[in-house]
Amino acid sequence: MKLLVTGGCGFIGSHFVREILATRAKWRVVNVDGLTYAGRGRNLDDLARHPRYRFVRADIAGAAMAPILARERPDAIVNFAAESHVDRSIHGAAPFLRTNALGVQNLLDAARGGRFLQVSTDEVYGSIPGRRRAREDAPLRPSSAYSASKAAADLLVLAARHTHGQDVVITRCTNNYGPWQFPEKLIPLMITNALVGHPLPVYGDGLQRRDWIHARDHCRGVLAALERGRPGEIYNFGAGIEPPNLVIVRNILRLLGKPTSLIRHVADRLGHDRRYAVDTAKARRELGWRPRIGLADGLAETVRWYRDHPAWWLRLKDAAFRAYYRRNYGGGALR
Ligand code: NAD
Ligand code: TYD
């Protein structure tokens with residue numbers, strides 16, 4: 001099996017590439033990544049000389065994709081490449097539409113047979129009120145440019161199935177956490193701020209709920225959908241727990257032995273979705289998938305990883321954070 005993974009230098013894609021190489025002894029992986037701000041070749045440094053791994057730098061929305069796919073002729077494509085942060089999409093939607101929608105159509109057009117797995121998100125269902133959980137046939141009600149561009153991609157993927165009979169599968173997962181996540185998302189942002197005693201910005205009342213799943217559990221789901229999913233089907237993944245953001249933030253502070261006085265309630269995100277929740281019965285029934293990593297263990301592992309890898313994340317923080325770090329720690333290593 002020759003698998004072409006896009007976005008393999010990003011947070012979840014890098015976990016996926018590692019999972020494949022570790023558990024599928026005969027598979028080869030070609031990782032196509034454009035290396036945006038979020039994609040770090042270094043995330044996969046340890047694989048540089050792996051005999052079954054190859055990296056190709058390319059933009060999934062660019063003209064190079066057709067010749068790359070014609071040359072590589074992969075047996076399957078798994079598309080992780082995306083602009084992935086809601087806050088950035090509020091300030092500028094264009095790269096989201098380009099990569100997440102046009103890029104997906106470009107990949108579909110260039111793909112020559114084989115399975116196409118689109119890694120989507122539960123955010124396409126929009127905010128879910130009460131205790132309901134969205135099933136795969138729930139209406140699409142995206143409420144940010146990020147989730148709207150991901151919903152557009154899902155519709156383009158389903159259209160390719162309808163029009164050309166392409167073998168496609170879509171997965172929709174809840175919020176991921178774990179090592180290697182860019183420190184702009186809630187969990188790594190709070191851990192890294194707390195590590196140096198910088199304030200922790202909680203949007204609004206902090207009572208918004210997300211269903212946090214470890215990236216490795218998500219990746220096992222994507223692999224199960226790739227191997228066992230039915231063509232044209234959609235599969236939800238989630239851990240089924242939905243703590244409010246404030247609980248996550250307090251747990252991070254507790255794990256690091258830092259005071260809750262670091263928490264700052266700041267202006268709410270525009271159009272902030274209150275709650276995401278999905279029904280994962282289909283994935284459990286059809287794919288035999290279930291999450292294995294509990295939030296307490298996963299969060300503790302993640303906190304340890306960021307504590308032990310300051311060199312990885314310090315240079316990824318924004319200018320204000322770096323100025324704070326210089327003021328308090330000079331040029332020295334993290335204490
Ligand atoms: P990420 O931002 O960490 O990584 C994205 C990767 O895509 C980076 O390596 C980047 O360089 C690459 N990329 C971006 N634009 C590209 C382009 N035009 N051409 C080629 N490569 C490009 O994202 P992530 O958190 O790892 O998310 C991966 C996928 O999973 C995304 O499709 C996202 O929508 C989906 N998803 C993420 C979450 C989450 O909680 N992070 C949850 C559900 C689904
Ligand atoms: P995020 O990690 O950006 O993921 P998403 O918006 O895709 O769910 O945010 C998770 C939750 O944390 C969301 O409710 C917004 C909130 N949040 C904060 O309160 N402060 C922050 O600095 C960030 C980045 C997020």
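Order of appearance sets the numbers: ligands from 1, and atoms from 1 within every ligand. For the numbers below, each heavy atom of this structure counts, side chains included, while hydrogens, waters and symmetry mates do not.
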Q: Of the protein's non-hydrogen atoms, which lies at the shortest distance from atom 15 (C) of ligand 2, and what is that distance?
A: H272 NE2, 3.3 Å
Q: Does R88 qualify as a cation-pi partner of Y37, given the criterion of NZ or CZ under 6.0 Å from the six-membered ring centre and within 45 degrees of its axis?
A: yes
Q: W313 and H309: aromatic ring centres closer than 6.0 Å?
A: no
Q: Nearest non-hydrogen contact with atom 21 (C) of ligand 2 belongs to which option: Y276, Y203, Y146, Y177?
A: Y203
Q: Checking D122 against T174: is there a side-chain donor and acceptor pair closer than 3.5 Å?
A: no
Q: Using heavy-atom distances only, which candidate in Q181, R274, E184 approaches atom 24 (C) of ligand 2 most closely?
A: E184
Q: At what distance is the nearest protein heavy atom to atom 3 (O) of ligand 2, and which residue and atom is it?
A: R269 NH2, 3.0 Å
Q: Between P179 and H214, which heavy-atom pair has the shortest distance, and what is it?
A: CD-NE2, 4.0 Å
Q: Let me know which protein residues bring a heavy atom to under 4.0 Å of ligand 1; chain then number is fine for ordering.
A: G7, C9, G10, F11, I12, D33, G34, L35, T36, A38, G39, A58, D59, I60, F80, A81, A82, S84, T99, V119, S120, T121, Y146, K150, C173, T174, N175, N176
Q: Under a heavy-atom criterion of less than 4.0 Å, does R209 contact ligand 2?
A: no
Q: So, Q118 versus N79: side-chain donor-acceptor pair below 3.5 Å or not?
A: yes
Q: Quick one: does W212 get an N or O within less than 3.5 Å of an N or O on ligand 2?
A: no
Q: Between W289 and D217, does any side-chain donor sit less than 3.5 Å from a side-chain acceptor?
A: no
Q: Check this for me: R71, atom CZ, are more than 12 non-hydrogen atoms of other residues, nucleotides or ligands nearer than 6.0 Å?
A: yes
Q: For a quick check under 3.5 Å, do Y276 and E123 share a side-chain donor-acceptor pair by atom type?
A: yes
Q: Considering heavy atoms of the protein only, find what lies nearest to atom 20 (N) of ligand 2 and give residue, atom and distance to 0.1 Å.
A: P201 O, 2.8 Å
Q: With ring centroids as reference points, do F321 and H198 lie under 6.0 angstrom apart?
A: yes
Q: Taking distance alone, with N or O pairs closer than 3.5 Å, would you say D273 contacts ligand 2?
A: no
Q: Report the member of N175, I187, N245 with the shortest heavy-atom distance to atom 4 (O) of ligand 2.
A: N175
Q: Any sub-3.5 Å donor-acceptor pair from K2's side-chain atoms to E72's backbone N or O?
A: yes
